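Notes to accompany the following structure.
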Amino acid sequence: MSAPISERTPVQFAGPLPKSADVVVIGAGIIGVMTAWHLAKRGFSVVVCEKGRVAGEQSSRNWGWVRQQGRDPAELPIMIEAGRQWQEFAADTGEDLGFRQTGTLHLANSAKDMARFEAWTAHARAHQVDSRLLTREQVLEMIPAAVSGWVGGLWTATDGRAEPAMAVSVLARAVARMGVSIAENCAVRALDIAGGRVAGVITEAGRVACGQVVLAGGAWSSLFGQAHGVSFPQLSVFSTTAVTEPMPDVFAGNAAAADFAFRRRLDGGYTLALRGWHEFFIGPDAFRHLGRYLPQVWRDPFGTGFLPAAPSGFPDAWGTPRRWSADSTSPFEAVRVLSPRPSRYALKRMRALFCAAFPDLGPPPIRAAWAGMIDTLPDDLPVIDRVAALPGLVLATGMSAHGFGIGPGIGRVVADLVAERPLGHDLTPFRFSRFSDGSRLQPGPAL
């Protein structure tokens, strides 16, 4: 339960691939798995192709928060739907996903923070979410062991937490029992295009004929799209996460201060992370999309540690090819699972911040640490849309560190987009055309 899924994790789903399916999903993170879940429920035959392992990348490397609180207003209705699904999964799968409805608490260091929290509660009220402001005294009642100078907080009792690697693995097994073919270690090298539309995919294990493809490849999606003339300004940052040995219970849910975050785990430890700081490898796409990301940089100029180059084989590494033949090894086979080295600075800093907040506990004993690549877009919103110029291709990527909790809701929406059924939500903010129609891409009011 402590470590994420990696290339060392035994293969659970080895295929074989069928010759044809209604839909092929590229990527077996939570978005891909949940899209397959909902498509199977609608009677579609589905193949999920994963170049590495189910949930091997960010879907098992995230914080494990299942939160409505602090969401961009465009995401909030889908997240509310996802929250209902999380509560039903144990009954649907017959297994424990580690989901517990223990709430989310954002902690304020200043009156300015409290003003931001108060502004966000207008979105909560509009959607009947139970978020409420807390005074300093109420925060201390919730976390009596803390000695930090927090002046108040924002609390949503109906939020939850889950164990990422455990949860997505359970969901993938349930999807397989529904008749979905999942193939790990099976990279999709290219789309098979006939008559100007998708006719199938070419994988390292052969061709699968299909009428529709969902690209849910996380940090790899932009590289795959570029090879087919489908360009969008996706970049990837990496963030370091740590887990502690079992410790005294100081708070049962998710908590975030201005500079660090933590959540209680089923094993009695805590997941720790820095908040408001990540690292970024400078590569070709960074220069290509620089203008799109300047508003993010100006908003928080010291929130990113810039590094000169990505490790060899990473999606935006200088040596990674942008074009390749479908009958030869692709970049997706060179690196099966993105696993950057954890930041020593981040580990030292998060440990110090947790210790400063809870000095009576002493320095938290770290059991394991890892880093993950987070796919992001300039406005911190995903792209969920059909590609008009390439009929049969649907994009579901750029979750911008928000994907784990909302994944079940996104999966349902994407499935109905594929099925041409009513979506139930306004997807205008997530449209593909916003990258080419002159729209101003600004980060939203999320916390």
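Excluded from the calculations below are hydrogen atoms, water molecules and symmetry mates; all remaining heavy atoms, backbone and side chain alike, are included. Residue numbers start at 1 and run along the sequence shown. This is a predicted model, so every value here is computed, not measured.
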Side-chain heavy atoms of W324 within contact of E333, under 4.5 Å: no

Atom pair CG/CG of L390 and L395 - distance to nearest 0.5 Å: 9.5 Å

Short side-chain donor-acceptor distance under 3.5 Å, E279 and S343: yes

P382 vs S400 side-chain heavy atoms within contact, under 4.5 Å: no

Working for side chain to side chain contact (heavy atoms under 4.5 Å, CB included), residues V230 and F224: CA-CA 8 Å; V230 179; F224 188 90; over 6 Å; no

Backbone N/O of K51 and side chain of R336: donor-acceptor pair under 3.5 Å: yes

Heavy-atom pair with the smallest gap, counting every atom of T376 and Y293: O-OH, 3.0 Å

Side-chain donor/acceptor of R161 to backbone N/O of R67, under 3.5 Å: no

Any donor-acceptor N or O pair under 3.5 Å, side chains Q69, T104: no

Enclosure of Q12 CD (heavy-atom neighbours >12, cutoff 6.0 Å): yes

Any donor-acceptor pair under 3.5 Å from H127 side chain to I80 backbone: no

Heavy-atom check, side chain of I30 versus side chain of M399, under 4.5 Å: no

Parallel, tilted or perpendicular: rings of F260 and F262 (30°, 60°): parallel

S59 to G29 - nearest heavy-atom pair and separation: OG-CA, 3.4 Å

Under 3.5 Å: donor-acceptor pair, side chain of R264, backbone of G268: yes

Step-by-step side chain to side chain contact (heavy atoms under 4.5 Å, CB included) determination, M34 to L171: CA-CA 8 Å; M34 293 313 306; L171 292 168; 3.7 Å; yes

Nearest-0.5 Å distance that lies between atom CG in L423 and atom CG in D416: 6.5 Å

Flag for E57-W220: side-chain donor and acceptor within less than 3.5 Å: yes

Nearest heavy-atom neighbours spanning R434 and L377: NH2-CD1, 3.8 Å

Inter-residue atom distance T240.OG1 - R61.CZ, 0.5 Å rounding: 11.0 Å

Smallest separation among heavy atoms of V54 and A172, with atom names: CG1-CB, 3.8 Å

Verdict with reasoning, V201 to R189, per side chain to side chain contact (heavy atoms under 4.5 Å, CB included): CA-CA 8 Å; V201 297; R189 292 174 172 174; over 6 Å; no

Q234 and S221 side chains, donor-acceptor separation under 3.5 Å: no

Pair E81-H425, side-chain donor/acceptor within less than 3.5 Å: yes

Min side-chain heavy-atom separation L140-W150 under 4.5 Å: no

Flag side-chain contact, heavy atom, 4.5 Å: S131 against L154: yes

Ion pair D380/R71, N-O distance below 4.0 Å: no

Pairwise side-chain contact, W63 with T241, heavy-atom cut-off 4.5 Å (strictly under): yes

Stacked cation flag R265 on Y270, 6.0 angstrom / 45 deg: no

F281 and F238 aromatic ring geometry - parallel, tilted or perpendicular at 30°/60° bounds: parallel

W65 side chain vs H402 backbone, donor-acceptor pair below 3.5 Å: no

Side chain to side chain contact (heavy atoms under 4.5 Å, CB included) assessment of W370 paired with V243: CA-CA 9 Å; W370 58 81; V243 298; 3.6 Å; yes

Whether Q101 side chain and T158 backbone form a donor-acceptor pair below 3.5 Å: yes

Parallel, tilted or perpendicular, as decided by the 30° and 60° cut-offs, for the rings of H106 and F117: perpendicular

Residues S330 and E204: side-chain donor-acceptor under 3.5 angstrom: no

Side chains of F13 and V48 in contact at under 4.5 Å (non-hydrogen atoms): no

CG-NE2 distance between L76 and H123, expressed to the nearest 0.5 angstrom: 8.5 Å

Heavy-atom donor-acceptor pair, N109 side chain to G149 backbone, under 3.5 Å: no

Atom CZ of R322: over 12 foreign heavy atoms under 6.0 Å: yes

From OG1 (T35) to CG (L417), nearest 0.5 Å: 9.5 Å

A55 backbone acceptor or donor facing S60 side chain under 3.5 Å: yes

Side-chain heavy atoms of R53 within contact of V11, under 4.5 Å: yes

Residues in salt bridge (charged side-chain N to carboxylate O under 4.0 Å, His left out) contact with R351, at least two apart in sequence or another chain: none

Where V139 and L107 come nearest, the two heavy atoms and their spacing: CG1-CD2, 3.6 Å

CZ (R349) with more than 12 external heavy atoms under 6.0 Å: no

Between R173 and S169, a side-chain donor and acceptor under 3.5 Å: no

Side-chain donor/acceptor of D113 to backbone N/O of A108, under 3.5 Å: no

Ion pair E163/R100, N-O distance below 4.0 Å: no

Inter-residue atom distance L215.CG - T397.OG1, 0.5 Å rounding: 6.0 Å

Main-chain N/O of P365 paired to E245 side chain as donor or acceptor, under 3.5 Å: no

Smallest separation among heavy atoms of Q85 and P408, with atom names: NE2-O, 3.1 Å

